[in-house]
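Please read the structure below before turning to the comments.
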There are 2 protein chains.
Amino acid sequence: MAENRRRHTRQLEVIWEAIKEGTSHPTADQIYEKVRSVIPNISLGTVYRNLQKLVGEGKLQVLTLDRTQHFDPTLERHEHFICEKCGQVYDVFVDAKEMILSSSLSHEGFTVSSHRLALYGFCKHCGK
Amino acid sequence: MAENRRRHTRQLEVIWEAIKEGTSHPTADQIYEKVRSVIPNISLGTVYRNLQKLVGEGKLQVLTLDRTQHFDPTLERHEHFICEKCGQVYDVFVDAKEMILSSSLSHEGFTVSSHRLALYGFCKHCGK
DNA sequence: TTTGATGCAAATCATTTGCATGGGT
DNA sequence: ACCCATGCAAATGATTTGCATCAAA
């Protein structure tokens with residue numbers, strides 16, 4: 001597969017190091033700033049291209065909030081909780097249906113006031 | 001309240017008429033095109049401003065897909081199903097937890113393969 | 001008449017892309 | 001040497017905004 005003809009570059013290496021651990025759900029720009037302390041002249045475009053690559057390889061998940069992408073290295077199934085005051089994004093390892101059950105459920109200190117759910121798949125006209 | 005000092009313009013009227021009924025979840029641009037057949041020289045900016053106004057008044061809900069806003073005049077609580085093949089967005093009036101229960105649940109002809117859930121509220125540090 | 005709303009164009013923001021050059025294999 | 005990846009800058013797409021003018025109240 002294409003994996004074979006993929007080059008191992010320092011920039012990909014450093015970008016991956018910058019996000020592979022951590023739960024802050026950084027944006028491309030935040031990753032760019034962090035990586036710049038190691039490779040000062042790296043370009044934003046390269047950061048975007050490598051993030052795309054990592055997402056394509058399944059090493060990162062993308063969470064789009066407010067038309068801005070956030071990158072998440074946590075692959076196990078989980079949901080996200082966004083604090084409306086501080087904007088912090090938390091990983092929530094509780095079953096989705098459990099979280100939604102009560103809209104004011106206090107779970108580990110979180111007060112859920114609303115949720116946004118989008119289901120993906122194939123509609124009746126497009127078969128499966 | 002501000003409601004009082006709000007002017008009733010033809011453009012707002014026509015824009016509202018263009019979306020108040022219907023379940024196609026149009027984008028600002030699609031609404032713009034539709035409205036242009038009635039007011040040819042209306043500007044996109046005006047469409048955006050009036051859509052914002054309607055959202056602010058709670059007459060429309062916003063659904064962001066792929067960094068593009070879609071407007072939804074259906075106010076009763078519901079979820080959204082997006083067909084990955086044709087892109088059509090359907091309103092789903094089934095409880096969220098019921099939809100998520102089975103990731104391959106066949107509901108009225110829909111095959112759900114994945115979902116995206118974001119919970120909003122206040123985290124433990126921000127109190128309630 | 002007053003002043004909020006409009007039309008138009010320029011500005012923003014996040015992200016993508018074209019292209020000449022550089023570096024991995 | 002090949003040719004994929006990079007740096008840079010320009011391009012894109014969606015949405016916002018500044019401003020002079022227009023039109024509701």
Side-chain angles (χ1 to χ4, degrees), chain A residues 1-19 24-57 59-72 82 87 89, chain B residues 1-19 24-57 59-72 82 87 89:
Chain A
M1 41 179 63
E3 192 82 355
N4 300 324
R5 55 184 55 190
R6 200 161 276 153
R7 291 179 185 173
H8 174 216
T9 65
R10 179 164 151 64
Q11 9 286 92
L12 174 57
E13 181 77 45
V14 175
I15 289 171
W16 174 236
E17 284 298 320
I19 16 170
S24 61
H25 307 77
T27 61
D29 212 73
Q30 295 173 322
I31 294 165
Y32 170 59
E33 287 307 333
K34 188 169 180 185
V35 169
R36 247 140 74 82
S37 65
V38 183
I39 307 178
N41 71 321
I42 194 172
S43 74
L44 226 203
T46 294
V47 172
Y48 271 103
R49 277 184 287 236
N50 280 304
L51 287 173
Q52 272 180 191
K53 183 172 303 182
L54 291 169
V55 170
E57 291 173 357
K59 291 184 176 177
L60 288 179
Q61 275 194 239
V62 182
L63 168 66
T64 302
L65 297 175
D66 242 359
R67 81 185 54 268
T68 300
Q69 299 182 174
H70 292 249
F71 299 85
D72 186 351
I82 300 91
V89 179
Chain B
M1 40 179 66
E3 193 82 355
N4 299 324
R5 54 187 56 191
R6 199 164 278 153
R7 290 179 186 174
H8 174 215
T9 66
R10 179 164 152 63
Q11 9 286 93
L12 174 57
E13 183 76 43
V14 176
I15 289 171
W16 175 236
E17 283 300 319
I19 17 170
S24 61
H25 306 79
T27 61
D29 213 73
Q30 294 173 322
I31 294 165
Y32 171 60
E33 287 307 333
K34 188 169 181 185
V35 169
R36 246 140 75 81
S37 65
V38 183
I39 306 177
N41 69 321
I42 194 171
S43 74
L44 227 202
T46 294
V47 172
Y48 271 104
R49 277 185 288 237
N50 280 303
L51 287 173
Q52 272 180 192
K53 183 172 303 182
L54 292 168
V55 170
E57 291 172 356
K59 290 184 174 177
L60 287 179
Q61 274 193 240
V62 182
L63 168 65
T64 301
L65 297 175
D66 243 0
R67 81 180 47 271
T68 301
Q69 299 181 176
H70 291 248
F71 299 86
D72 185 351
I82 300 94
V89 179

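In this text the structure is predicted, and so the values were computed from the model without any measurement. Sequence lines set the chain letters: A, B, ... in the order given, protein chains first and strands last, and positions in each chain run from 1.
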From [options], nucleotide with atom closest to [X] side chain:
{"X": "Asn50(A)", "options": "dT6(C), dA5(C), dT6(D)", "answer": "dT6(D)"}
{"X": "Tyr48(A)", "options": "dC2(D), dT16(C), dT15(D)", "answer": "dT16(C)"}
{"X": "Arg49(A)", "options": "dT25(C), dT16(D), dT17(C)", "answer": "dT17(C)"}
{"X": "Gln11(A)", "options": "dA5(D), dT6(D), dT3(C)", "answer": "dT6(D)"}

In the structure I gave you, are the side-chain heavy atoms of [X] and [Y] within less than 4.5 Å of one another anywhere?
{"X": "Lys34(B)", "Y": "Ile31(B)", "result": "no"}
{"X": "Leu60(A)", "Y": "Trp16(A)", "result": "yes"}
{"X": "Val89(A)", "Y": "Asp72(A)", "result": "no"}
{"X": "Thr46(B)", "Y": "Ile39(B)", "result": "no"}
{"X": "Thr64(B)", "Y": "Thr64(A)", "result": "no"}
{"X": "Tyr48(B)", "Y": "Gln52(B)", "result": "no"}
{"X": "Leu54(B)", "Y": "Leu12(B)", "result": "yes"}

Rounded to the nearest Å, what distance is computed from the [atom1] atom of residue [X] to the [atom2] atom of nucleotide [N]?
{"X": "Lys53(B)", "N": "dA24(D)", "atom1": "NZ", "atom2": "C1'", "answer": "12 Å"}
{"X": "Arg7(B)", "N": "dG4(C)", "atom1": "CZ", "atom2": "P", "answer": "7 Å"}
{"X": "Leu51(A)", "N": "dA5(D)", "atom1": "CG", "atom2": "C1'", "answer": "15 Å"}
{"X": "Leu12(A)", "N": "dC4(D)", "atom1": "CG", "atom2": "C1'", "answer": "13 Å"}
{"X": "Tyr32(A)", "N": "dC13(C)", "atom1": "OH", "atom2": "C1'", "answer": "15 Å"}
{"X": "Leu44(B)", "N": "dT16(D)", "atom1": "CG", "atom2": "P", "answer": "11 Å"}
{"X": "Asp29(A)", "N": "dC13(C)", "atom1": "CG", "atom2": "P", "answer": "11 Å"}
{"X": "His8(B)", "N": "dA5(C)", "atom1": "NE2", "atom2": "P", "answer": "12 Å"}

Is the phosphate of dA5(D) approached by Thr9(A) (side-chain N or O, under 4.0 Å from OP1 or OP2)? no

Distance check: side-chain N/O of Gln52(B) vs OP1/OP2 of dT16(D), anything under 4.0 Å? yes

Closest heavy-atom pair, Leu44(B) versus Ala28(B), reported as atoms and distance to 0.1 Å, is CD2-O, 4.4 Å

What I want to find out is whether Arg10(B) reaches Glu13(B) closely enough, with some N-O distance under 4.0 Å, to be called a salt bridge. no

Looking at Thr27(B), is its backbone amide N or carbonyl O close enough to the side chain of Gln30(B) to form a donor-acceptor pair, meaning the two atoms are under 3.5 Å apart? yes

Contact residues, residues 33-43 of chain A to DNA chain C [heavy atom, < 4.0 Å]: none

I need the residues from residues 63-72 of chain B with at least one non-hydrogen atom less than 4.0 Å from DNA chain D; give them sorted by number, or say none. Arg67(B), Thr68(B), Gln69(B)

Arg10(B) or Ala28(B), whichever maps to the more 5' nucleotide of DNA chain D: Ala28(B)

